Structure formats: C-alpha cells, structure tokens
There are 2 protein chains.
Amino acid sequence: MNTTAYELYYWPTIQGRGEFVRLALEEAGADYVDVARRGGKRGVPAMMKLLDGPRIERPPFAPPFLKAGKLIIGQTADILLYLGDRLGLAPRDEAGKLWVHQLQLTITDLVVLIHDTHHPISGYLYYEQQRAAAKLRTKYFWRYRAPKFLRYFERVLAKSGGPYLLGRRLSYVDLSLFQIVEGLRYAFPKRMKRMEKNIPRVVALHDRVAKRPRVAAYLASKRRIAFSQWGIYRYFRALDG
Amino acid sequence: MNTTAYELYYWPTIQGRGEFVRLALEEAGADYVDVARRGGKRGVPAMMKLLDGPRIERPPFAPPFLKAGKLIIGQTADILLYLGDRLGLAPRDEAGKLWVHQLQLTITDLVVLIHDTHHPISGYLYYEQQRAAAKLRTKYFWRYRAPKFLRYFERVLAKSGGPYLLGRRLSYVDLSLFQIVEGLRYAFPKRMKRMEKNIPRVVALHDRVAKRPRVAAYLASKRRIAFSQWGIYRYFRALDG
C-alpha cells in the first residue's frame, strides 16, 4: 500500500523542468517519491505507463507530472499552481495566486529561451549539427532576451521590497528563479558574471534561497542531480563569449 | 467613468497571443474593450503606461494583459485561468480547472514552436536573415513536434468522447485549439492539409467552434484582425513544403 502524498514523475538523470517541482517539494519538506529514480520496472516504465496508458483519462503531454491521490497533473507551472496552495508556497488570496503564477509562466518562457540557445534548430539534432545557429541565437539571447527577463525580475523585487518576489514571504517562483540563476551560472559563467552586476536583488534572492535549511540540505544531498550536458542548461565554451 | 468589466491590452494590429483572450471574451459575450485598438493616446500609450508605469505594483512582463477592476493579469494562460471561472469557460471543480489549464499550457508551448519556425534565431532579425535556419527548423517541427502536439489533442478528444476537449462542454482551451488550426492553415496550407487527415477530431472541433453563434459573428466582424506576416503565424512558400 502506497501512502506517499506525492509522486513526482520526471526523467531520472537530469534536473530539467522537474527540478522546479523538486525544489518546491524539498523546501516544504513534503512527503514525496521521485518515481523514475527508483530504477527498474518501478522507475521509467511506470512513468511511461501513465503517459501512454489506455486507462489514463487525462494524460499529461510530457514529464514532469505529479500524482496526488487519483489526480495526475502535467505541466510544471500547473503542478506548482496545485502545490503552491498545499505546501504554503503561494498566497491565499486569488490576486496573489494569479500573480505568483504569472511570474512562474514568465519563468516558463525564459526556460524555453535558455534551452534553445544550444538547440535552436531541433532537439532531434546534436548541438554540433547546429553550432552556427546556436552561436547566433545565443548572441541575440544575451543581447536582448536575458537582460529583459532578468531585469524584469529585478524590477519586481525592487517593487515588492524583497527579499522575495512577493515581498517577505517565500513562494514557489522564488525557488524557480534561484534555479534559473544556478543554471545560467553553469551554462554561461562568463556572461552571467557580467550580467549579475546589473541584478543585485536577483543575486541576493538566489543566495538567500540557497541558505534556507531545507534547500541547503537538498542541494548537498544525492537527491540533487548534478548539472550536465543533457539538460536545459549546457556549457559550451563557444557560446559563453 | 469607466464601467467596462474587462480591459484587454494587446498590440492592436495582430492576432498574436491576445487572440486567445479575445476569443474567450467574444464567446462569452463579455463586456470588454480592446484598449490599444482605440488608437491615439488612449491606445498603445495607455498600454505602455501600465507596463512601465512606476506606480504599477505588479507589472506584467509583456502584452497581453487584462485589467479587471484593480487587478492586472499578464500571461495569456493566467488570464484565461482567471476568465475561465468568470465566463463559464472552465469546470467548477479543482481537478477540472487544473486539467483545462494544463491543456492551455500545452497550447502555450506549441505557440512558441510555431512562431520559431520562421524566427529560429531571433525576433530581432528579419525572416530573410535567418531563412536557412527557418527551413531546417520548420522541417523538424513538422516531422516531430507538430504531429506530437496535434495527435496529443486528438487523443484527448478521443478519450473525452468529444466534441470538446473536456467532453460535452466548451472550455477556453477549445477556443485556443480552434485558433491553432486557423493559424496553421494560414501559415502552412499544404502541410496542414496533409496533417488534417490524421486528426479528424481536432478538425471537427475547429469546425464546431467556428459555427458557434458568437464566434461566427466575431470572425465575420471587423474586431477580428486578419492574419498577416507580423504575427505568430506567417506564410512563406519556402517553409510550406
């Protein structure tokens, strides 16, 4: 009999989009299992069964998805919308809920842009097969898009008074913004170092999240998968101008 | 004194992401004004003021955004999450709300992919400056991504029993899927014609939505902006293989 409150289903070897959910579950000290990491038949095959199974009434499009009792929820931001309420990581009033979700959807947009710097043509081709396009896409990403997004979050922090995006209380989008900073530092150490001078509040939020006891314990544990060349954030010297 | 229930803020000359919101407001017969289309100072400058104004406590990242009383909501899917409840375009139970929102977020992902077929490198360059990359990106989009997304919605319709994604009742995501079909037909008439043979339920949903009295009246009105070479969907013969 399974009495775990939450089952997270995501690819077991990368942080990817699943990491935004893992961070929320970890910060809240939630009772969860990272299903695909169990390995064997109870791992990835169990995940695929929920994706493709004929009996699944409301199939998710792709991992990550969360199982909570009978409910299956796909799409990272939708999962966080659901968990925010239950884990105390979102405001209780409707306007606050919509606002934190709006910020999370802006993170979603940014994640696609970060991924596409190294894969501007297709995820079905290797980086080496689209290197020229990747260099150009990365150049424009760092010239226009990354500053626009990061300065937007800086501005939201200035308006809220910080230290978190909504003010004094942590919400799930703070954990996601922490993860964005982590990822950009991994993929673009030189570019990010220059950028960080312009976004001190975002950097301070990152540092504050990293020191939260449960987040710190998680980051130091084996549950935190290392960055690699297979996730959203990948390091290529040629792209880090 | 302004007594309009909803103010939509979006670029006045394109369908773009604003169209998903317009369709919901129109189908519901909601009392709204499409602010930027008023022209003059009360148009786009009024929109920019809400985006950049120092007094805006919770600024949206970009259009579209909706003003409802004092509430300002950005991000298309977040706007629909809010309107779904109020306009009777979403289920009343939490699981249903999360499900229709999950589907909408999958539409969001697809919209980015469609846009990037003609602008794989950057929105700051002309199509002509990235034509080779666009051709390749489009090839892979139609080989893998478009079929995966469209067949997913076909499968959801098969499971729900149709005619709508949630079954017998229309929800906001049905209007969005209608718009995806419209857009793909405009941008890729040949490719889409071939694709439609494999997604009869999606096509039937499109046709059914188009015939709904308020949608039909809207589509025939001047409020419906025509497709053009400036929106998400653009027609280039070289991309429509």
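These figures come from a predicted structure and were not determined experimentally. Just so it is clear: chains get the letters A, B, ... in the order the sequence lines come, proteins before strands, and each one is counted from 1.
Both the backbone and the side chain of A/I73 come within less than 4.5 Å of a heavy atom of chain B. Using a 4.5 Å cut-off between heavy atoms, A/F149 touches chain B through backbone and side chain atoms alike. Residue A/R145 touches chain B through its side chain alone, counting heavy-atom pairs closer than 4.5 Å. Heavy atoms closer than 4.5 Å to chain B are found in the side chain of A/Y152, but not in its backbone. At a 4.5 Å heavy-atom cutoff, the contact between B/L51 and chain A is made by backbone atoms alone. Looking at A/Q102, both its backbone and its side chain come within 4.5 Å of chain B, counting heavy atoms on both sides.
Enclosure of atom CD in A/E57 is not indicated, since only 12 or fewer non-hydrogen atoms of other residues, nucleotides or ligands lie within 6.0 angstrom.
Counting heavy atoms from C-beta outward, A/S122 and B/R137 have side chains that stay 4.5 Å or more apart. Using a 4.5 Å heavy-atom cutoff, the side chains of A/D52 and B/R155 are in contact. A 4.5 Å side-chain heavy-atom check between B/L113 and A/V112 finds every atom pair outside the cut-off.
Your options are B/S160, B/P60, B/A132, B/A77, and the one with the most heavy-atom pairs under 4.5 Å with chain A is B/P60. Between chain A and the options B/I79, B/T76, B/L125, heavy-atom pairs under 4.5 Å are most frequent for B/L125. Annotation: maximal heavy-atom pairing with chain A below 4.5 Å, among B/Q104, B/R86, B/Q130, occurs at B/R86.
Note that the NE2 atom of A/H101 and the CG atom of B/L81 stand 5.5 Å from one another [nearest 0.5 Å]. To the nearest 0.5 Å, the span separating OG1 on B/T106 from CG on A/D78 amounts to 8.5 Å. Taking OH from A/Y124 and CZ from B/F141, the interatomic distance works out to 11.5 Å, rounded to the nearest 0.5 Å. One distance of note links CZ of A/R58 with CG of B/L165; it measures 11.5 Å at 0.5 Å rounding.
Taking A/Y235 as the reference, nothing meets the ring pair (Phe, Tyr, Trp, His ring centres under 6.0 Å) condition, with sequence neighbours excluded.
A donor atom on one side chain and an acceptor atom on the other are found under 3.5 Å apart for A/D109 and B/Q75.
The contact list for residues 88-98 of chain B toward chain A, using heavy atoms and a distance under 4.5 Å, reads B/E94, B/A95, B/G96, B/L98 by residue number.
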